[in-house]
There are 2 protein chains.
Amino acid sequence: MPLMSRTPRTWTIAELADEFDVTHRALRHYEQLGLLGPERVGPGGSRRLYHRRDHIRLALILRGRRLGFPLDEIRTIIDMYDDQPGEAGQLRYLLDQIGHRRVDLERRRQDIEQSLAELEDLEQRCRADLDRMA
Amino acid sequence: MPLMSRTPRTWTIAELADEFDVTHRALRHYEQLGLLGPERVGPGGSRRLYHRRDHIRLALILRGRRLGFPLDEIRTIIDMYDDQPGEAGQLRYLLDQIGHRRVDLERRRQDIEQSLAELEDLEQRCRADLDRMA
DNA sequence: CCTTACGTTGACGTTAACGTCAAGACACGG
DNA sequence: CCGTGTCTTGACGTTAACGTCAACGTAAGG
């Protein structure tokens with residue numbers, strides 16, 4: 001009975017695109033911008049092979065996209081997770097970046113909660129109007 | 001002593017652009033897309049005059065922009081607040097749209113909270129690393 | 001009257017994030 | 001051997017959201 005490590009899965013471009021519902025083209029685009037780095041296999045290294053790392057990064061990319069972040073900003077963000085800096089100065093710099101990110105995200109959360117509140121308010125008024133008509 | 005209504009303020013394009021830190025060009029753009037509708041004053045109606053309605057809408061526009069919504073989607077959203085439909089069918093349609101919006105916003109909130117959680121996790125690890133080094 | 005400030009309308013330029021061909025390599029079933 | 005499917009690399013097209021002139025009008029101050 002194995003102790004850890006399930007089948008070390010990999011993906012072809014079609015499988016990955018399928019699973020995340022993005023196009024082949026988009027994956028190539030993310031790669032050109034340095035967001036993904038699939039292995040090259042086959043004759044002359046002509047085919048892309050995606051590993052768990054890419055799978056994880058793609059999920060982060062798409063979440064960032066849903067939140068409206070530009071791709072190059074997304075890259076610097078997810079790179080923060082991958083690179084484990086060993087030097088103190090780098091660590092401090094990273095902590096600083098994290099701080100900025102947090103401020104940004106918390107502001108967005110504020111915006112969203114405001115929007116939701118106003119939306120629910122509008123909803124109440126609509127329901128009231130409907131009730132009055134019935 | 002007046003009962004209500006403070007000075008019914010209006011804005012020139014420069015004042016509005018200044019207050020919200022956007023460009024004259026952006027305001028014209030929003031107008032072309034139907035997001036703003038300033039009054040026209042001066043000789044031959046050659047100058048724009050923005051009222052409270054535009055002021056409010058602009059705030060909503062910018063919040064939508066911060067959240068990454070496309071401008072035409074923002075327009076349909078803020079139009080929901082302005083148009084008070086009197087007919088039952090329209091009201092039901094509006095309630096339906098509100099539902100969609102809510103789903104969207106709640107998903108975004110989820111994304112953001114996930115991001116924040118991971119960020120704080122990373123922050124902890126960084127601080128731990130720093131402490132270990134000191 | 002001349003400059004300066006503020007405003008106007010085109011109209012073309014730019015960036016981001018892909019979409020959309022075109023043309024070709026490689027493997028496999030029939 | 002031939003078509004079908006999957007993949008590759010260019011390379012050009014597209015949309016959104018403005019930026020950036022250019023050219024002009026008007027009002028105010030000196």
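These figures come from a predicted structure and were not determined experimentally.
Of the residues B:Arg132, B:Arg125, B:Arg127, the one that meets the side chain to side chain donor-acceptor pair (under 3.5 Å) test with B:Asp129 is B:Arg132.
Residue A:Arg28 is in base contact, counting any heavy-atom pair closer than 4.0 Å across all strands shown.
Remark: P of C:dA5 and CD1 of B:Ile13 are 18 Å apart, rounded to the nearest angstrom. Atom P of nucleotide D:dT6 and atom CH2 of A:Trp11 are separated by 20 Å, given to the nearest angstrom. Counting to the nearest Å, the C1' atom of D:dT8 and the CZ atom of A:Arg47 are 7 Å from each other. Atom pair A:Glu31:CD and C:dC18:P shows a separation of 14 Å (rounding to whole Å applied). To the nearest angstrom, P of C:dA17 lies 19 Å from NE2 of A:His24. Atom CD1 of B:Ile61 is separated from atom P of D:dA17 by 11 Å (rounded to the nearest Å). With rounding to whole Å, A:Ile74 atom CD1 is found 13 Å from C:dA16 atom P. For the pair A:Phe69 CZ and C:dA17 C1', the interatomic distance rounds to 17 Å; values are reported in whole Å.
For the pair B:Arg63 and B:Phe69, the cation does not sit on the ring face, since its NZ or CZ is not both under 6.0 Å from the ring centre and inside 45° of the axis.
Comparing C:dA17, C:dT8, D:dA17 against the side chain of A:Leu33 picks out C:dA17 as the nearest. When each of C:dC18, D:dC7, C:dC26 is scored by its nearest atom to the side-chain atoms of A:Ala26, the top-ranked nucleotide is C:dC18. Here the nucleotide nearest the side chain of B:Thr23, chosen from C:dA17, D:dG19, D:dA27, is D:dG19. Taking only side-chain atoms of B:Arg25, from C-beta outward, the nucleotide of C:dC26, D:dA27, D:dC18 with the closest atom is D:dC18. Distances from the side chain of A:Pro70 to the nucleotides D:dC18, C:dA27, C:dA17 place C:dA17 closest. Nearest to the side-chain atoms of A:His29 among the listed nucleotides D:dA27, C:dC26, C:dA17 stands C:dA17.
In this structure, B:Arg66 contributes its side chain and A:Asp111 its backbone to no donor-acceptor pair below 3.5 Å.
Between B:Asp79 and B:Arg57 there is a salt bridge, with a side-chain nitrogen of the basic residue lying less than 4.0 Å from a carboxylate oxygen of the acidic one. The residues B:Glu118 and A:Arg101 are annotated as not salt-bridged, no charged nitrogen and carboxylate oxygen being separated by less than 4.0 angstrom.
Here B:Arg40 does not reach the OP1 or OP2 of C:dT8: none of its side-chain N or O atoms lies under 4.0 Å away. Neither OP1 nor OP2 of C:dC26 sits under 4.0 Å from any side-chain N or O of A:Ser46.
Two residues, B:Glu15 and A:Tyr30, neighbour DNA chain C, and the one matched to the more 5' nucleotide by heavy-atom proximity is B:Glu15.
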